[in-house]
Every structure is written in structure tokens, then in C-alpha cells.
Number of protein chains: 2
Amino acid sequence: MTSSRATLVQVAERAGVSLASTSRALHGSGASAAMVERVRAAADELGYSPDAVGRSLRMKRTFQIAFAAADIGGPAHVEMMTAIHGELAPHGYRVVVLATGDTAASTADLVHSLNSGFADGMVLVPPRTDDLLADSLRRRDAPVVVVGRASGDHGADSVSTDSAAGIGRAVRHLRETGRRRIGFLGGPADSVPGEERRRGFDAATAGGGGPPAVAEAAAEFTVAAGEVAARRLLDRAAADGGPLDAVVAADDLLAIAVLRAARERGLSVPGDLAVTGVGDTELGRIFQPSLTSVSLGWAECGRSAARIMLDLVRGRGEGARRVRVEPRLIVRESTGGAAPGAAGDPAADTPEP
Amino acid sequence: MTSSRATLVQVAERAGVSLASTSRALHGSGASAAMVERVRAAADELGYSPDAVGRSLRMKRTFQIAFAAADIGGPAHVEMMTAIHGELAPHGYRVVVLATGDTAASTADLVHSLNSGFADGMVLVPPRTDDLLADSLRRRDAPVVVVGRASGDHGADSVSTDSAAGIGRAVRHLRETGRRRIGFLGGPADSVPGEERRRGFDAATAGGGGPPAVAEAAAEFTVAAGEVAARRLLDRAAADGGPLDAVVAADDLLAIAVLRAARERGLSVPGDLAVTGVGDTELGRIFQPSLTSVSLGWAECGRSAARIMLDLVRGRGEGARRVRVEPRLIVRESTGGAAPGAAGDPAADTPEP
DNA sequence: CCGAGGGGCGGAAACGTTTCCAGAACCGCT
DNA sequence: AGCGGTTCTGGAAACGTTTCCGCCCCTCGG
């Protein structure tokens with residue numbers, strides 16, 4: 001906290017030239033070499049650094065992009081945020097993080113707050129959607145890229161992964177490796193991912209000839225909640241149609257909960273029970289047994305969203321784009337895949353598209 | 001992207017009152033009830049929302065706080081960021097995330113960039129420190145709170161945990177539970193945390209009567225790098241003074257690497273080998289066996305830093321504060337502690353201060 | 001009834017920057 | 001020498017807001 005900062009006018013005075021020339025010399029073009037030299041020197045002497053706010057006011061651009069999600073600490077959002085930051089920072093954009101809150105209404109409020117112009121655009125991961133949110137999206141002043149399926153036709157661009165199809169791949173993989181009785185451990189049914197993944201499981205198991213598929217839902221996407229639901233799931237299946245030989249979980253944390261419940265009951269994984277998760281998180285990669293998981297490509301979603309956003313704020317928006325990132329199944333030990341040589345080494349994993 | 005936004009002048013015209021009164025009616029005080037009513041109505045009709053940039057220019061406050069760390073995706077930084085956001089958002093402040101880069105020089109640049117005034121202050125987690133950074137901190141225009149030990153006396157406030165003392169607690173705990181030959185698996189020796197934790201281990205084991213302590217350092221704080229170093233550590237100890245019965249790792253990821261290496265060699269944990277980590281990450285809580293770990297209270301660090309920052313930007317800065325967060329040892333299965341009833345349930349853990 | 005005080009309002013000046021516009025200087029060409 | 005064109009410079013006007021400073025008028029106390 002030394003002195004109060006030098007302004008452009010002071011630099012101009014010191015250099016003995018006009019304000020306009022000073023500005024041009026520092027940032028714009030159309031200044032002579034001598035002028036640039038002279039102004040640079042004056043600026044250096046004064047320790048001048050341009051004021052971001054003044055510049056924003058004039059240029060009507062803040063060089064900031066907002067990233068909003070319900071829980072900014074969750075692995076999915078962290079991965080996206082990191083990717084977004086990595087994509088945006090080299091172009092001179094800053095990332096400001098916001099929390100949507102759990103409801104669609106609070107999310108709509110957040111979108112509305114963007115109208116105060118503190119950022120040039122927003123990458124939004126809505127936890128839930130409804131008409132109110134769609135309305136809010138339609139009335140926005142700045143570009144918004146929605147990550148994940150968002151209901152209604154707000155005019156916003158979107159990036160999403162077909163997690164339902166991803167679940168389908170997990171089910172197919174289990175069938176192909178000889179599993180017959182597959183259970184589903186889902187998440188909160190009223191959340192965007194919870195609903196979609198459940199739908200994927202139902203679609204993948206519909207029309208199968210065997211005993212009806214059994215499903216349970218955890219109250220939250222956490223190991224603790226998952227463990228309770230996993231016990232219920234295993235018990236219910238055993239009592240009603242025979243024990244499961246595979247569980248598809250809607251999330252890696254839930255899958256790990258299944259792993260723990262299985263160990264409680266003395267079931268070996270993948271011998272007695274195969275388990276798959278969703279998200280391809282570091283946790284699942286490192287856990288023992290390592291976890292077969294549907295990768296939703298969060299980092300890639302983030303990158304795509306950031307790139308679209310960059311186009312939009314630069315005025316290259318041609319209609320609402322809808323980018324889809326392909327889910328991939330990463331086979332590891334929990335469904336009988338090979339143990340990776342070194343943990344965290346992606347080359348050792350077996351992608352199965 | 002409907003129409004371009006309404007400004008305060010337009011609201012004033014519509015309400016038929018002066019600009020000054022309009023501003024007062026909406027935000028300030030000293031406006032009659034009738035005036036407030038009238039202006040509110042006009043603002044609503046026009047869908048007015050105040051411009052953040054204009055306001056910032058005038059008020060010389062952006063209502064933004066920067067959070068900067070080397071890898072914003074790491075568990076420590078994520079936990080801090082979440083805590084900072086949680087503390088700041090209710091007071092109307094936004095959080096913008098920045099990456100420092102790996103070196104002290106790039107960190108210094110980042111601190112310098114704060115002089116452009118895009119944020120009112122910065123919470124900084126420097127990956128490495130040197131005189132250049134200290135200089136940069138001394139010349140800053142906006143308040144900075146440094147998290148973690150930062151060398152030199154820059155005048156900035158700081159929040160840190162004595163991780164060296166935390167390592168000491170881990171060593172004491174191992175001694176008290178009958179471990180005799182304790183090894184250390186450290187991180188990069190030239191990083192701030194790597195250096196400090198190594199120092200803590202040396203201090204805790206100095207003067208012990210037994211065979212000299214054995215230590216290895218991983219190239220990075222990752223499981224993969226840790227596994228390589230862990231194998232070296234176990235081999236070297238066995239060849240030179242007898243096998244270890246405990247390993248203190250400088251990080252939870254490194255501790256998990258030790259767990260894997262132990263399993264490779266058929267060592268039971270905690271039977272043959274006790275293992276402790278640092279960071280009390282979710283990964284360690286969930287892993288099997290669950291990991292005894294030194295909690296550095298990252299969330300608390302973040303909260304404290306945010307609170308100090310809030311005081312600073314509000315002008316209540318009385319000299320450089322140095323807050324210390326106490327490390328706590330969380331005893332779990334990997335050193336013989338009880339298995340938690342449900343994963344992630346902190347009440348089931350055994351804190352040992 | 002008069003003066004002091006205060007609450008409420010409007011005019012205008014900032015805050016720091018970029019950029020439009022007009023003018024000046026200079027160059028090359030006929 | 002005259003003229004069209006290019007290159008550079010300076011003046012001034014925004015951008016949207018808050019707040020200082022007068023001014024008016026009302027009220028209250030003497």
C-alpha cells in the first residue's frame with residue numbers, strides 16, 4: 001500500500017503529450033515510435049498501471065467470465081472450472097466463481113444479477129431447471145453457456161454429455177462380461193443429473209428378459225448417503241429375485257459406497273459383484289479396487305464452454321450452438337479390468353467407447 | 001440478449017426527478033418515502049439494474065476479492081476457495097480465481113497485476129517465495145492476505161498452519177502407539193509445504209536414540225510420483241537398519257502411495273506398517289484403510305483469510321496480523337484407530353490435538 | 001413574528017479510460 | 001509550386017454512477 005496509483009493524465013503530463021496520444025502509445029495503434037518511447041518512459045517512472053475499471057467503463061467489456069454452479073467444491077465443478085480458467089486466462093479473461101444455490105429460483109436470480117454487467121458472460125451449471133430459469137435466461141443481457149441439459153428453449157448455447165447414454169454403456173459392458181442381475185444406485189431424483197441417469201438405466205434395462213431390475217436412490221451424492229441406500233439395495237435384491245452380481249451407480253461416490261457395503265457383506269469385487277460409477281474422478285482412479293467409471297468429460301465440457309463463450313463475447317455468435325461431449329467408459333478393476341500399473345496413469349486405463 | 005440496458009439517467013427521466021435523487025432513492029439514504037416509491041416504480045418499469053462498472057469507478061471499490069494459488073484444482077485450494085467464497089458472498093463480494101504459476105516470479109507478477117485495481121484485495125497462496133515476491137508484496141496498492149508461511153517481511157497479513165508441528169504430532173502419536181522405526185516420505189524439497197514438513201519431521205526425530213530416521217522425497221505431490229518414492233523408501237530402510245514399522249507422509253496422496261506400496265509387498269496396514277498423511281482430504285477419509293492424517297484446517301485458513309480481508313477492505317486494518325490455525329491429528333484406521341461407522345461422518349473420527 | 005435549523009431536492013463535478021473528429025505536418029507526385 | 005494523400009497529434013466527448021454543495025421550504029423555538 002504505497003502511494004495512490006498514477007493515472008493516465010499524470011503520465012500524459014509527465015511525458016508532455018496529450019491524453020489521447022498517451023493512451024494510443026500504451027495500448028492502441030497509430031502512435032509514432034518516438035511517442036511510444038517517450039510515453040513508456042514516463043509510465044515506467046511513475047509506476048503506472050492502467051485502471052481496469054476505467055477501461056471497462058469505456059470499452060463496455062470487463063474481461064471477466066462468471067462460472068456458476070451449486071457446489072463449487074465438487075469434483076465435477078472443480079474440473080470444469082480449472083479447464084475454463086485454463087482456456088480463458090491466456091486470452092486475458094478472468095474467471096469469477098459464483099454459487100447458484102440449490103434451487104432453480106436462486107439460479108434464476110443469479111442469471112439476473114449478470115445484468116449488472118460485472119462480467120461479459122457466464123458459464124452456468126444449473127442444479128435444477130424450471131420455466132422461471134428459462135425465462136431468466138431468455139431475458140439476459142450477456143451471453144450464457146449452459147452446461148448440462150437445461151429444459152425449455154432458453155436461447156442459450158449449451159454443452160452437455162449424454163450421461164444417460166453413458167449409463168447405457170456401463171450396462172452393456174456389464175452384460176458383455178457376463179453379469180445377469182444388475183442393480184442401480186441412483187442419486188436425488190429431482191436433480192438434473194439424478195433424473196437423467198435414472199432414465200438412462202431404465203432405458204438400458206428395458207426389454208431385458210430376466211428378472212426386473214432393482215433400483216434404489218440415495219438422498220445425496222455422498223458416500224454416507226450412498227452407503228445407506230446401497231445396503232437397502234443389496235438387501236432388497238437378495239430378498240426379491242436373488243442377489244445382484246452387478247451395480248451401476250449414478251456417481252463415483254455412490255459406487256464407492258457400494259464397494260464398502262459389499263465388503264461389509266463379504267462380497268468380493270469384482271468376483272461376486274461388479275460395480276461401475278460415473279464421473280471418472282480421481283477418487284475412483286486411486287481407490288482399491290480401482291473403479292470402472294463413465295467419464296463425462298467434465299474438463300472437456302469446460303473447455304468447450306469456454307471456447308464458445310470466447311466466440312460469443314467476441315461477437316462471433318451464430319445461433320445457439322449445442323455441443324455434445326461423448327461419454328466414455330473407463331474400465332478398471334471393479335468390473336474385472338486390469339489393475340493400472342501406476343495409479344493416476346491414464347495410459348494404463350482401458351477406455352471403451 | 002434483449003435490449004441494451006436501462007441507465008440511471010433514463011430512470012430519472014421516467015420518474016421525472018433528478019439524477020441525484022434517483023441514486024439516493026435506490027441505494028443511498030436521505031430520500032423521502034414518496035421519492036423512493038416513485039423511483040422504484042420507474043426502475044421496475046424499465047427493468048433497470050445498476051451498472052457494476054460505473055459504480056465501481058465512482059466508489060473506487062470493485063466488490064471483488066481475488067484468490068490466487070498455483071493449482072486451483074488441488075484439494076487444499078479448493079477447500080480454501082470454497083470457504084472464502086462462503087465467507088465473502090454474504091457480504092456482497094465476488095471471488096475471482098487466478099493461477100499464480102509455479103514460480104515465485106510469476107507469483108510476483110500476479111501480485112503486481114492487482115495494481116490495475118480489478119479487485120479490492122487478494123488472498124494469495126504462494127507456491128514458492130523469494131525476495132522478489134516479498135518486494136512485490138511491499139509495493140502493492142491493495143491489501144493482500146498471504147496463506148502459508150511466506151519468507152521475508154512483506155507487510156502483508158498472513159494466515160498459516162504450523163505444519164511442522166503437525167508432523168511432530170504425527171510422529172508423537174506413532175511413538176506412543178509403539179512404533180519404533182519411522183520413515184518419512186516428503187514432497188518437492190524446494191516448495192513451501194515440502195520444505196516445512198521435512199523440517200518438522202527432522203525436528204521431531206532429532207535426538208531419538210534409535211537408528212537414524214530414513215527419508216525419501218517424491219518429485220511431486222501425486223500418487224504416481226509417491227509410489228516410486230515409497231518403494232525406494234521401504235527398500236532403502238530394509239537394507240539399512242531394518243524395516244520400517246511406520247511412515248509419515250507429507251501429504252495424503254503420498255500416504256496413499258505408501259499404502260499401495262505396502263500392499264504390493266504384502267505388508268498389512270496398520271499391523272506391519274502404520275501410515276500417516278497430511279491434509280485430511282476426503283480421499284483419505286474414504287480410502288480403505290481410512291487414513292490417519294494431520295488436518296491443516298484449510299477451510300478454517302480460508303475463512304480466517306476472508307475475514308481479515310473483509311476488515312482490510314473496510315479500512316479496519318491495524319497492523320499486519322498473523323493468524324495461526326492449529327493443526328490437528330485425525331486418527332483413523334491406518335495407524336490403528338477405529339474404523340469410522342459411516343464414511344465421511346466426521347463425528348466418527350478421533351481428533352487428537 | 002422572526003431566525004435558526006434541518007430535511008429533501010437538483011445541479012454539477014468527479015472517477016480513468018478509449019475513441020471520434022478535426023487539424024497539422026509531411027511526403028510524393030504531377 | 002500545387003495538390004492529394006497519409007501519418008500523427010490534440011481536444012473533447014462519452015461510458016454510468018455517487019456524492020459534494022448549494023438551495024428551497026418547512027418546522028420549531030424564542
Side-chain angles (χ1 to χ4, degrees), chain A residues 3-40 42-43 46-64 92 113-120 141-142, chain B residues 3-40 42-43 46-64 92 113-120 141-142:
Chain A
S3 56
S4 73
R5 291 161 33 204
T7 87
L8 198 59
V9 232
Q10 296 172 24
V11 177
E13 281 170 3
R14 174 131 195 160
V17 299
S18 82
L19 186 56
S21 301
T22 312
S23 174
R24 273 189 298 255
L26 289 180
H27 303 286
S29 57
S32 67
M35 175 68 80
V36 169
E37 173 64 22
R38 196 167 164 182
V39 170
R40 280 255 172 80
L46 264 53
Y48 169 77
S49 51
D51 184 81
V53 178
R55 170 195 293 242
S56 290
L57 181 62
R58 177 59 225 242
M59 298 180 72
K60 289 171 168 297
R61 312 176 60 190
T62 60
F63 298 97
Q64 296 193 146
S113 81
L114 189 60
N115 288 352
S116 77
F118 66 88
D120 298 337
D141 285 329
Chain B
S3 57
S4 72
R5 292 159 32 202
T7 87
L8 198 58
V9 236
Q10 296 172 23
V11 177
E13 280 169 5
R14 175 130 195 161
V17 298
S18 83
L19 186 56
S21 300
T22 313
S23 175
R24 275 190 296 254
L26 289 179
H27 303 286
S29 57
S32 67
M35 175 68 80
V36 169
E37 173 62 24
R38 195 165 165 185
V39 170
R40 280 254 173 79
L46 263 55
Y48 169 77
S49 52
D51 183 80
V53 179
R55 172 196 291 244
S56 290
L57 182 62
R58 177 60 224 237
M59 297 179 72
K60 290 171 167 295
R61 311 177 60 189
T62 60
F63 298 96
Q64 296 193 144
S113 82
L114 189 60
N115 288 351
S116 77
F118 66 87
D120 298 338
D141 284 329

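Letters A, B, ... are given to chains in the order of the sequence lines, protein chains preceding strands, and every chain is numbered from 1. Scope of the values below: all heavy atoms of this structure, side chains included, with no hydrogens, waters or symmetry mates.
Not counting sequence neighbours, B:Glu37 has no partner by the side chain to side chain contact (heavy atoms under 4.5 Å, CB included) test. Taking the side chain to side chain contact (heavy atoms under 4.5 Å, CB included) definition, one finds that B:Asp120 meets it with B:Arg61, B:Thr62, B:Ile65, B:Tyr93, B:Val313, sequence neighbours left out. Residues forming a side chain to side chain donor-acceptor pair (under 3.5 Å) with B:Asn115 (at least two apart in sequence, or on another chain): none. The side chain to side chain contact (heavy atoms under 4.5 Å, CB included) test applied to A:Ser18 returns A:Ala20, A:Ser21, not counting sequence neighbours. Evaluation of the side chain to side chain contact (heavy atoms under 4.5 Å, CB included) rule for A:Arg14 yields A:Ala42, A:Glu45, A:Leu46 as partners, not counting sequence neighbours.
Distance check: B:Glu13 CD to B:Leu8 CG gives 10.5 Å after rounding to the nearest 0.5 Å. Here the CG-CG distance, from B:Leu114 to B:Asp141, works out to 8.0 Å after rounding to the nearest 0.5 Å.
Two end axes, each from the C1' atoms of five base pairs, can be drawn for the helix from C:dC1-D:dG30 to C:dT30-D:dA1; they diverge by 40°, to 10 degrees.
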Side-chain polar contacts of residues 23-32 of chain B - donor-acceptor pairs under 3.5 angstrom, sequence neighbours left out - could you list them?
{"residue": "B:His27", "atom": "ND1", "partner": "B:Arg55", "partner atom": "NH2", "Å": "3.2"}
{"residue": "B:His27", "atom": "NE2", "partner": "B:Arg55", "partner atom": "NH2", "Å": "3.1"}
{"residue": "B:Ser32", "atom": "OG", "partner": "B:Met35", "partner atom": "N", "Å": "3.2"}

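Between A:Phe118 and B:Ser56, every side-chain heavy-atom pair lies at or beyond the 4.5 Å cut-off. Contact check for B:Asp51 versus B:Thr7: no side-chain heavy atoms found under the 4.5 Å cut-off. Inter-residue side-chain proximity for A:Val39 and A:Val11 is flagged as met; some heavy-atom pair is nearer than 4.5 Å.
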For nucleotides 22-27 of chain D, read 5' to 3', which letter fits each nucleotide if B means a protein heavy atom sits under 4.0 Å from the base, S means only the sugar-phosphate is that close, and - means neither? ------
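Within residues 14-24 of chain B, the residues that have a heavy atom under 4.0 Å from DNA chain C are, in order of number, B:Val17, B:Ser18, B:Ala20, B:Ser21, B:Arg24.
Chain A approaches DNA chain C over the interval C:dG16 to C:dC20, counting the first and last nucleotide 5' to 3' with an atom under 4.0 Å from its heavy atoms.
Looking at which nucleotide of DNA chain C each of B:Met59 and B:Ala31 is closest to, the 5′-most match is held by B:Ala31. Each of A:Ala33 and B:Tyr48 was matched to the nucleotide of DNA chain D holding its nearest heavy atom; the match closer to the 5' end belongs to A:Ala33.
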